[in-house]
Amino acid sequence: MPGGGAGTGTLAAPPPPRTAPAPGGRRPRPEPRQAAVWPGSPQPLGARFHAGPDGVAGTNFALWAGGAESVEVCLFAPDGTETRAPLSELTHEVWHGFVPGVLPGQRYGYRVGGRWDPWTGARWNPAKLLLDPYARAVDGDFVLVPQTYGHARDWPEAAVADTVRDDRDSAPFVPKGVVVDDDDDWVDDHRPKTPWADTVIYELHVRGFTRRHPGIPPELRGTYAGLAHPAAVAHLTGLGVTAVELLPVHQFAHEDHLERRGLGNYWGYNSIGYFAPHAGYSASGSGGQQVGEFKRMVRALHAAGIEVILDVVYNHTAEGGQGGPTLSLRGIDNRTYYRLGDDPRGYADYTGCGNTLAVTQPHVLRLITDSLRYWVTEMGVDGFRFDLAAALARSMHDVDMLSPFLAVIAQDPVLRRVKLIAEPWDVGSGGYQVGAFPPLWTEWNDRFRDTVRDFWRGATSDVRDLGYRLSGSSDLYDWGGRRPYASVNFVTAHDGFTLRDLVSHQRKHNEANGEDGRDGTDDNRSWNCGVEGPSDDPAVAALRRRQLRNLLSTLLLSTGVPMLVAGDEMGRTQGGNNNAYCQDNETSWVDWSLLDEPGWAALRDLTARLIALRRAHPVLRSGGFFSGLASAPEGLRDVAWFGAQGRELTDEEWFARSATLGMYLSGADIPHRDARGEPVLDDSFLLIVHAHHRPVSFTLPGMPWGSSYELLLDTGVEPQSAPPPVPPAPAGTAVRVAARSVRLYRAVREGAAAGR
């Protein structure tokens with residue numbers, strides 16, 4: 001029976017719509033003025049300034065609102081005065097009209113009328129000013145007061161509050177879209193177009209990365225212009241990273257529960273405007289200037305050879321669940337834009353954020369793909385990382401790798417050419433899909449993260465698992481023509497401990513978030529090196545620095561695409577907070593003063609050296625999976641595995657637990673060819689990882705693997721400004737590998753052909 005679902009109290013059937021009375025004593029708002037509207041065009045969607053009939057300048061407004069009964073464009077003067085322009089033209093469910101005289105910089109929103117029937121999912125309410133889903137710039141902030149909710153949030157019967165319509169005007173409390181002049185056509189002649197195999201990703205937050213940088217002028221810190229500043233770019237090029245992955249820069253809103261605690265959504269995973277760069281990161285203004293500032297940032301990074309990847313949140317919006325505010329899509333067509341629950345008053349929530357976009361709906365899918373193409377073709381970005389991508393791949397309920405979203409991306413002539421990264425899970429049943437996304441996609445590989453963390457904290461699994469992670473995770477990705485770069489390898493990300501906290505804290509310390517420790521994972525796979533938190537013990541400090549070197553070396557010397565997190569290369573700490581999503585303060589901002597300390601500057605230098613080593617040697621960034629076979633009769637296996645005795649592992653040893661492993665990469669047997677089809681030749685390397693708390697004697701393999709070995713890296717010793725030269729060690733030498741350390745050797749084969 002309608003209305004009999006969860007949360008409907010004792011109601012046996014839906015009562016007629018109820019509305020919340022206006023507060024007593026409040027003066028009625030004056031009737032808004034009306035603007036002239038010409039028919040205009042249903043395409044393109046959004047607000048587009050151009051010359052209309054007879055050359056008259058104005059703006060065409062087009063909004064898809066299936067099921068709506070009326071749509072008004074609301075134009076706002078600087079003093080807040082509202083002028084309404086009813087859109088009477090309806091073509092294929094798109095309401096449209098050309099309003100003469102509306103110029104760039106004009107602030108606007110929509111009021112959409114229709115039925116109020118929450119029991120069937122219908123939640124139209126023209127008292128609520130709605131943000132245009134296609135707005136290219138947004139001015140102002142959401143204030144989550146009761147007026148911004150389509151229902152009576154403060155209704156005394158809480159169980160049915162969402163069924164009572166609130167007729168109070170929300171316009172004073174919500175931001176407005178801004179008409180933008182699209183006179184800056186993007187020219188992509190200077191895109192770096194870095195091949196996947198050569199890519200090194202650096203995940204950063206626009207505000208957090210630049211907020212405390214001493215070389216950036218104060219007025220530019222925390223902004224797109226700050227990230228474009230030469231001082232910021234110099235750090236990126238000095239490290240050698242090839243791409244920045246920006247935490248969400250789509251316009252987003254803060255959640256009510258955070259605002260009540262005096263906090264905000266710092267990370268930005270609460271999108272509400274999929275075409276608009278977040279105005280809070282603009283140094284030049286929010287009246288459309290943020291668009292040009294973002295483009296200039298992209299151009300500056302491209303000029304430095306750095307690609308721009310956006311972390312995008314198309315799985316849910318800031319409107320939240322059943323009790324959330326009405327800000328945009330809910331008021332345009334709630335039943336189409338969102339996946340509703342078995343009780344249509346509520347939502348199917350595969351995201352943990354209250355709602356899930358209904359990507360199987362054509363107009364929702366169009367919104368997403370139009371947005372993606374816009375950021376590529378008009379804003380110049382080079383790729384996307386999709387938050388909770390499994391939610392986008394769901395058809396009816398289950399994750400489906402033939403879903404409409406994945407099918408559309410695969411055939412789109414623009415989107416199939418850019419970098420596509422999936423966070424291959426969501427919070428719904430069957431949502432964990434690591435290794436399952438189709439060719440064309442790369443994935444965040446949390447199996448790499450967990451295995452590497454476990455190994456270095458001493459929770460070793462069988463050697464096979466570590467071997468797969470070091471060599472590109474072929475057990476996950478060697479199908480469908482995928483390559484090792486399908487695996488985005490990471491040890492840390494924005495979500496969780498920083499690298500330094502990973503070796504300093506056994507448990508999370510999220511007290512500042514105000515959620516009584518309920519937030520953030522308890523499965524950190526961390527080890528505090530014997531002391532929780534900061535320590536003055538020199539031995540503890542030395543061990544932690546060594547562990548940081550081990551983790552960075554393992555990440556950057558593994559096959560696949562490495563991803564670093566901003567500040568990890570210089571020992572950034574969040575004080576043990578593993579969910580700093582609401583900490584827009586020094587907890588989250590990169591502390592550049594760390595580079596004034598020799599120990600942390602040395603860690604930065606080591607990171608740059610490892611990236612340079614990776615860039616110089618194709619065998620360390622292989623574009624093909626290793627087979628364990630030779631590429632020529634006289635060659636070696638392209639990868640071989642050794643124990644401490646200097647001999648190859650047996651099958652029994654491959655499946656056994658061990659804290660020591662040697663990986664040999666043959667530079668003469670790299671499993672891919674150059675552009676002319678010729679073999680790619682390189683040096684050969686022996687990587688030794690040793691996680692035991694005692695040193696080990698490791699015998700260097702003899703011929704044919706090498707006649708001698710040149711030591712390139714030893715994390716067991718503190719970095720020195722001018723380390724003494726170490727002569728090559730003859731094959732068969734038993735070298736002492738320090739406790740918990742990494743060694744990298746270049747193998748020399750006297751008498752072998754070049755590259756062998």
Side-chain angles (χ1 to χ4, degrees), residues 194-200 240 242 448 452 466-474 477-478 482-489 552-562 607-642 648-649 661-689 700-701 703-715 728 731 742-756:
T194 307
W196 260 123
D198 300 339
T199 297
V200 178
T242 69
F448 181 94
V452 171
L466 180 62
Y468 274 128
R469 304 312 142 227
L470 294 176
S471 60
S473 295
S474 60
Y477 301 111
D478 189 8
R482 302 181 85 183
R483 299 295 186 92
Y485 46 75
S487 175
V488 174
N489 298 333
L552 284 170
S553 299
T554 306
L555 172 65
L556 292 169
L557 296 176
S558 293
T559 303
V561 178
T607 305
R609 180 184 167 205
L610 287 165
I611 293 174
L613 188 67
R614 180 186 184 89
R615 183 172 60 246
H617 293 285
V619 75
L620 299 177
R621 45 184 172 82
S622 176
F625 284 110
F626 300 107
S627 65
L629 303 173
S631 61
E634 71 279 9
L636 303 175
R637 281 184 287 282
D638 52 11
V639 64
W641 305 97
F642 290 87
E648 291 187 75
L649 297 180
L661 179 65
M663 178 175 70
Y664 184 98
L665 300 176
S666 173
D669 299 272
I670 298 174
H672 64 272
R673 299 290 180 260
D674 66 14
R676 294 178 177 272
E678 298 296 325
V680 177
L681 300 180
D682 192 12
D683 295 328
S684 298
F685 293 91
L686 175 66
L687 176 69
I688 301 171
V689 291
L700 300 175
M703 290 295 287
W705 307 103
S707 56
S708 64
Y709 293 84
E710 177 188 357
L711 182 63
L712 301 181
L713 171 72
D714 184 0
T715 65
V742 174
R743 282 195 173 195
L744 180 68
Y745 287 92
R746 178 186 287 115
V748 178
R749 300 175 64 210
E750 293 182 0
R756 295 183 180 173

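As a basis for the values below, the full set of heavy atoms in this structure was taken, side chains included, without hydrogen atoms, waters or symmetry mates.
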Inset, instruction - Quick one: list whatever passes ring pair (Phe, Tyr, Trp, His ring centres under 6.0 Å) with Y709, sequence neighbours left out. - result: none
Inset, instruction - First locate atom CG of L681, then atom CG of D669, and finally report the distance between them rounded to the nearest 0.5 Å. - result: 9.0 Å
Legend entry - Between CZ on residue F642 and CD1 on residue I688, distance to nearest 0.5 Å: 10.5 Å
Legend entry - Side-chain donor or acceptor of S487 paired with backbone N/O of G560 under 3.5 Å: no
Inset, instruction - Using the ring pair (Phe, Tyr, Trp, His ring centres under 6.0 Å) rule, pick out the option among W705, F626, Y745, W641 that qualifies with Y664. - result: W705
Inset, instruction - Please answer whether the main-chain N or O of G623 pairs with a side-chain N or O of R483 as donor and acceptor at a distance below 3.5 Å. - result: yes
Legend entry - Shortest non-hydrogen contact between R614 and L620, atoms and distance: NH1-O, 3.5 Å
Legend entry - Backbone N/O of T559 and side chain of N489: donor-acceptor pair under 3.5 Å: yes
Legend entry - Salt-bridge contact R621-D198 (side-chain N to carboxylate O under 4.0 Å): yes
Legend entry - R749 side chain vs P704 backbone, donor-acceptor pair below 3.5 Å: yes
Inset, instruction - To the nearest 0.5 Å, tell me how far S471 OG sits from D638 CG. - result: 9.5 Å
Legend entry - Exercise: identify the closest heavy-atom pair between S666 and V619: O-CG2, 3.9 Å
Legend entry - Separation between OG1 of T715 and CG of L552, rounded to the nearest 0.5 Å: 10.5 Å
Inset, instruction - Taking T199 for its side chain and P195 for its backbone only, find out whether a donor-acceptor pair lies under 3.5 Å. - result: yes
